[in-house]
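The structure under discussion appears below in the form of structure tokens.
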Number of protein chains: 2
Amino acid sequence: MARPTVQDVARTAGVSVGTVSRVLNGSSAVSASAKEKVNAAIKELSYRPLASARDLRRDRTMRVLALAKNLDSLVISEVFRGVGDAAADSGYVSLIAATDGDRDREQQLVDMLRNGSVDGLVIFSPTMPDDDVNTVAEQLSVVQVCEIVDAEAAFGVSIDDRQAAYDITKHLINTGAKKLAMLAHRGARSGQLREEGFRQALTEEGLEPDTILLGEGNFGFHAGRELTKKLLEAKDLPDAIFCGTDVVAAGCVRELTDAGLRVPQDIAVAGFDDSAQAEMCVPELTTVRQPAYEMGRVAFAELLERMTVEGAHRKGRTFLPHQLVIRDSTK
Amino acid sequence: MARPTVQDVARTAGVSVGTVSRVLNGSSAVSASAKEKVNAAIKELSYRPLASARDLRRDRTMRVLALAKNLDSLVISEVFRGVGDAAADSGYVSLIAATDGDRDREQQLVDMLRNGSVDGLVIFSPTMPDDDVNTVAEQLSVVQVCEIVDAEAAFGVSIDDRQAAYDITKHLINTGAKKLAMLAHRGARSGQLREEGFRQALTEEGLEPDTILLGEGNFGFHAGRELTKKLLEAKDLPDAIFCGTDVVAAGCVRELTDAGLRVPQDIAVAGFDDSAQAEMCVPELTTVRQPAYEMGRVAFAELLERMTVEGAHRKGRTFLPHQLVIRDSTK
DNA sequence: TGCCCTTTTGGAATCGATTCCAAAAGTGTT
DNA sequence: AACACTTTTGGAATCGATTCCAAAAGGGCA
């Protein structure tokens, strides 16, 4: 048989559709006997309210969408776990989609917000230009997390990337480094902030801002190796390298080790994110821990406010505290 | 102003709603002048058809949902990238959700298929019992990928895990191993199959099935270390260890190295999946490559058939070819 | 111009759940 | 038993896009 409707349930239970709906939603009082009959009919027909009909009438979906370029990262999956848990607490379902850095794909997914397929959007790493983020955020329920572009209207949750980079650079200097290098991710907003923090720490200590190598595109293990290889071609080597992510740091350590250098005795290395790779690396990486799960939760909380409170387009950023994790890759 | 409807567009363009809809869907001929007026009105009002209304009327959503326990794995993200690309090719959007191994969460997500929030479901790692997978698959459009439970009605795409494990075990034996151990994942169906393949290879070679240590729950880097630690407590050590996943193999290698053993000279280690960690490990891991992206594409193709062809509940499995990747962790 | 045939158009009916309003049933008090 | 009041119920209207049918407009030809 075709999918049963509320009409079928009403007929089977011998009541009206109104009553069925009231049982379904507990919206107002229904006699015990009617409730029983309706529930029996629902079970008998294994009836489920059709989402599209319900959404149409209610004008909301109780769904949110989380976007990122890719999903293969502990930070992202933890952030989205936080979003998912917080969403569930409020009766929402959170869905995830990867854009693969494809503008059209991303556009299509943002359109899901425009056309009411979902009630809100969490953006991790946008592909679209900053202005577009801003335009979307002006009218719709959007919150950014981790990677936050300069958008007037957009709200965002992240750590203070500049400060965190500053802190870890200070740590490197405190352990005796005099000549520092950085492998930074051009293109990622957070990468630029981390670069700023790095520079600031050096300036304050009166050290010359040394080599900063910029990786573009896929900023991963191989990029870490390649950039480090370039670094090793220089005459005088740095005595500490700050890498924009742990995976890049892992590549860096690997390249140094292969070149016969000892980490941290010859060169200290620090990463960022405290991802799984930080512990898997030999030596284990000094890094910055982001409270990813918590960031996800906070991001959803903000989104919820935007979705439910009329005109609650509070702007600005929320910073959550980061944490320095000192391990063996710096002495 | 409130969201514009098809009525508003019709009024603005000076035509009927029917004409607007026809322009929107290109379903039948519309005069050039009318089309122009409608498109102008759509742009002026920045109109987007409301998804729920459209879905209700069309009785489909052009959305599919992909489920996995967690997302932090290259295999999963590649599989889902394949699903996403294949879906896009057919005009579908593919969404992803993590169950965190939580039965209720999973139930809620499967209900999205039941209530028509999505048209189809790709299941990577089910939490529910096999029978439930079967029941769902009997009535609805579901396809399993990678982790495939014994479900009569369910269709699945994967590699031949048993054969792959058999192949890599043979490889270990060919490189001279006489005493083999395995770290397998109890609970994962693929883990059991890999165990079978391992056993079969040993039996065929007339070797005693040696130690098989089973990891439960979180089968990751730490599990690899812990299980290996146990293995090292025994009097006589194996000369090769086959690990159910690369991440576990990385933990295994790390523990062996810390214990002063050399890989592969003292003990060879093989992994499974060819994930990012395989290359990041020192020595780089011998492993089995799954054609993850392709598996995703094929899985969606199967799903599409189920969704569109009436009664196309073709059963059984599709196996895609795996590939042995020989690296330095086995000599 | 008149006739027939094709193309285009308007508008009502439809999808299924919710909600509002008025009517019916129930409860209690005198 | 009659009244006032609350609780429960039925059913029509509604959400917005699509689709079907019949009517109107356009086109070609005699």
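In what follows, chains are A, B, ... by sequence order, proteins preceding strands, each numbered from 1. This structure is a prediction, so every number in the text was calculated from the model and none was measured.
Rounded to 10 degrees, the angle separating the terminal axes of the helix from C/dT1-D/dA30 to C/dT30-D/dA1 is 40°, with each axis obtained from five end pairs.
With sequence neighbours excluded, no residue forms a side-chain hydrogen bond (donor to acceptor under 3.5 Å, both in side chains) with B/Thr12. Residues satisfying the side-chain hydrogen bond (donor to acceptor under 3.5 Å, both in side chains) test with A/Glu106, not counting sequence neighbours, are none. Scanning for side-chain hydrogen bond (donor to acceptor under 3.5 Å, both in side chains) contacts around A/Tyr47 gives an empty result, with sequence neighbours left out. Not counting sequence neighbours, B/Phe80 has no partner by the ring-ring contact (aromatic ring centres under 6.0 Å, His included) test. For B/Asp119, the side-chain hydrogen bond (donor to acceptor under 3.5 Å, both in side chains) test picks out B/Thr61, with sequence neighbours left out.
Residues A/Phe319 and A/Met295 fail the side-chain proximity criterion, which asks for heavy atoms closer than 4.5 Å.
Among residues at least two apart or in separate chains, side-chain hydrogen bond (donor to acceptor under 3.5 Å, both in side chains) pairs with a member in residues 120-137 of chain B are B/Asp130-B/Arg189. Residue pairs meeting the salt bridge (charged side-chain N to carboxylate O under 4.0 Å, His left out) criterion with at least one partner in residues 64-78 of chain B, sequence neighbours excluded, are B/Glu78-B/Arg81. Sequence neighbours left out, the pairs with a member in residues 27-55 of chain A that pass salt bridge (charged side-chain N to carboxylate O under 4.0 Å, His left out) are A/Arg48-B/Asp111, A/Asp55-A/Arg63.
Listed pair A/Asn25 / C/dT18 meets the phosphate criterion, a side-chain N or O lying under 4.0 Å from OP1 or OP2. Dashed line: the shortest gap from a side-chain N or O of B/Thr5 to OP1 or OP2 of D/dG16 is not under 4.0 Å.
At distances below 3.5 Å, at least one donor-acceptor pair connects side-chain atoms of B/Glu147 with backbone N or O atoms of B/Ser190.
Around atom CG of B/Asn218, no more than 12 heavy atoms belonging to other residues, nucleotides or ligands sit under 6.0 Å away.
Rounding to whole angstrom units, CG of residue B/Leu45 and P of D/dG16 are separated by 14 Å. As rounded to whole Å, 14 Å separates atom P of C/dG10 from atom CZ of B/Arg11. Rounding to whole angstrom units, CG of residue A/Leu50 and P of D/dC15 are separated by 19 Å.
Both B/Thr19 and A/Val20 lie close to DNA chain C; mapped to their nearest nucleotides by heavy-atom distance, the more 5′-ward contact belongs to B/Thr19.
Only B/Ala29, B/Val30, B/Ser31, B/Ala34, listed by number, bring a heavy atom of residues 26-36 of chain B to less than 4.0 angstrom from any atom of DNA chain C. DNA chain D lies under 4.0 Å from at least one heavy atom of each of the following residues of residues 54-64 of chain A: A/Leu56, A/Arg57.
Interatomic distance, A/Arg114 CZ to B/Ser46 OG, rounded to the nearest 0.5 Å: 8.5 Å.
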Could you list the protein-to-nucleotides 20-26 of chain C atom pairs, N/O on both sides, closer than 3.5 Å?
unit_1 : atom_1 : unit_2  : atom_2 : d
C/dC20 : N4     : A/Arg22 : NH1    : 3.3

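Donor-acceptor pairing under 3.5 Å is lacking for the side chains of B/Arg3 and A/Asn115.
Picking from D/dT18, C/dA17, C/dT9 the nucleotide with the shortest atom distance to the side chain of A/Tyr47 gives C/dA17.
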